[in-house]
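Quick note: numbers below take in every heavy atom, side chains included, and nothing from hydrogens, waters or symmetry partners. What you are looking at is a predicted structure, and each value in this text was computed from that prediction instead of being measured. Note on naming: letters A, B, ... go to the chains in the order of the sequence lines (proteins, then strands), and numbering restarts at 1 for each one.
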Number of protein chains: 2
Amino acid sequence: MKPTIYDVAKEAGVSISTVSRVINNTGRIGEKTRKKVLEVVEQLNYHPSVVASALTGKRTCTIGLIIPDVANPFFAELSRSIEDHGRELGFNLLMCNTDNNPDTEEMYLSLLKQKSVDGIIIGTTTKNYNLLRELQKEHFPIALIAQDIPELMLDVVTVDDFLGGYMATSHLVSLGHEKIGCILGTLARTSEKYRYQAYRQVLEENGLDFDEDFVMHTDYSMEDSKRAALELLRSPKRPTAVFANYDSLAIGVYQAAKELGLKIPEDISVIGFDNTILASIVDPPLTTIAQPIHEMGQQVMDLLVQEIEGRKNTKRRLVLPPELIIRNSTKQIR
Amino acid sequence: MKPTIYDVAKEAGVSISTVSRVINNTGRIGEKTRKKVLEVVEQLNYHPSVVASALTGKRTCTIGLIIPDVANPFFAELSRSIEDHGRELGFNLLMCNTDNNPDTEEMYLSLLKQKSVDGIIIGTTTKNYNLLRELQKEHFPIALIAQDIPELMLDVVTVDDFLGGYMATSHLVSLGHEKIGCILGTLARTSEKYRYQAYRQVLEENGLDFDEDFVMHTDYSMEDSKRAALELLRSPKRPTAVFANYDSLAIGVYQAAKELGLKIPEDISVIGFDNTILASIVDPPLTTIAQPIHEMGQQVMDLLVQEIEGRKNTKRRLVLPPELIIRNSTKQIR
DNA sequence: CTGAAAGCGCTAACAA
DNA sequence: TTGTTAGCGCTTTCAG
């Protein structure tokens, strides 16, 4: 059987509280006793039970990560960076995929609390505001990543989506494009709304007509983006450039263009958003707006842990700068 | 404060054991008491603490998932399917990325035990055999995924890597290729070894010369695969086809070919392995060997849970059939 | 500096 | 059918 604190205490000839103290480095301990205890700990290969210590009010050192889908490269890369920093700070991640389904999300929220996680990081486009409000009222540590909920005062880390959308559209305009399509999801994410707003603003600032028919809605999948892009590109007043709100949607545009025999970027310029691995492996490599995924993961974990450790009493909104990554999918118009 | 079983008991006018019984559906309970208790549970929004019940010997309903890197699409997709099935069975996943670093892995193994997970799924190319043996001796539930360790008798789910390698190479041979390159990682994974063995066997069976110079080793990264492919394709005795042991390595070949102005599949045929999302989005779409990722995730979770619940006393090796997915990166040789 | 003892929230005999 | 009680392994006063 796994050794307990009692086994160590007995073997070392001290009381369990002494063992507890040396393990946790609390209180003052005689040098010899400490040494003796540590020795026995080593010898018995003793590892304190996180479960038991959690029951006495300590942390579980576990954090819930709620995302739409880890198979989505953006969230996969984000998860990875969050996990990396979590490991440095001593926290593990409980992975929860919801596909943005509110019921699944609600289920997870309640499950995570039952499991006494120390905090939760949310990357889904939640609509469970009331649930979040409750958690907030209980001062349960929550942080949002890559997605804001302006109505709620929570810790949040995002890229500057408006600026990103602005940069993307401006890039296209600067290349001489005047007919610019926009492929969105369902506008459920705030991030997407900002990008879209920026798109419209850039058009306006440049005296370009906004054409309702140039903005296409999708269910966020590549297939649906392909469908939307086909529609867009087959239209007689075909745009010369497309701003896809996510790299994955940009791939759909690639597929549609290929099917129609249109060359990127000669016939149509495409810009994405996220700078996931996808952007660099498609042909031609995708010009896109990079989110500082690595830093975002790190920062959100930092914020949450500060919250957990009570080292912070104000919520923070961290908005990181996006970066335009010019590759070969955009081109000066003839 | 979160309500405890005591709050419920008091409110319902029964003892805590009665509450415990109705919560867990154990023992016989009077219909009215059950109803009353359930009512109070609802009213107080009571959720039993997993931590406390774990301390009394019950499960934590948490499983450790040790993989090299969730940002790798293959493992991302696999994680997703494991998590999905875990959710159905009532288990959560603690995500652990190790980059195949034995120290990180050892750290996680010990951490997961401290956290009293009910079992562990391992997808890394571990070398910590001794650690695994110890866990095995304690009858700690462990299952291997996408990776075998023949020396250890554990539950394992893999694709038939030998057959997959056989199908891949045979496909190339059937297209008339006689000079076939092979891009490997470091041969640390058993799966890779089998694929490589099959490659050699197919060559032999078809009376084709095996050329040492045609097999390239990489560190599993796309960049390194590109480097290796450049070397391979620049050589005077350039192969007409390449079998890349992973889709990601195949992408490296694409990049090298592009750099050298070689057309796929006209100048060089490429076949990958895994059938991740990458295979379908590159241009041309990659012919590859599909692993039944979804089923693998499901099966490994099933096996592990059976083990955890003691419903199984023999270890199982499940070898699933691969499938050749012909797309456009392979072509009959002129 | 160290030990005794009272919990943390829940389960599982054992009684009643 | 229901209640009482002794832990599970650990932390934390409170004494000494």
- prompt: Any side-chain N or O of S15(A) under 4.0 Å from OP1/OP2 of dA4(C)?
  reply: no
* Are side-chain N/O atoms of T62(A) and K115(B) paired as donor and acceptor at under 3.5 Å? -> yes
Contact string for nucleotides 6-13 of chain D, one letter per nucleotide 5' to 3', B = base within protein heavy-atom range under 4.0 Å, S = sugar-phosphate only, - = neither, reads -BBBBBBB
With S79(B) as partner, the option from L65(B), I121(B), N72(B) fulfilling side chain to side chain contact (heavy atoms under 4.5 Å, CB included) is L65(B)
note: L44(B), atom CG; dG9(C), atom C1'; distance rounded to Å ~ 15 Å
To the nearest angstrom, the CD1-P distance between I29(A) and dG3(C) comes to 9 Å
Polar contact flag, side-chain donor to acceptor under 3.5 angstrom, N25(A)-R34(A) = yes
Residues passing the ring pair (Phe, Tyr, Trp, His ring centres under 6.0 Å) test with Y46(B), sequence neighbours excluded, are none
*For T60(B) and D118(B), test the side chains for any donor-to-acceptor distance below 3.5 angstrom and give the result as yes or no.*
yes
Taken to the nearest whole Å, CD/E31(A) to P/dC1(C) is 10 Å
Worksheet item: Side-chain donor-acceptor pair under 3.5 Å between T124(B) and E105(B), yes or no?
Response: yes
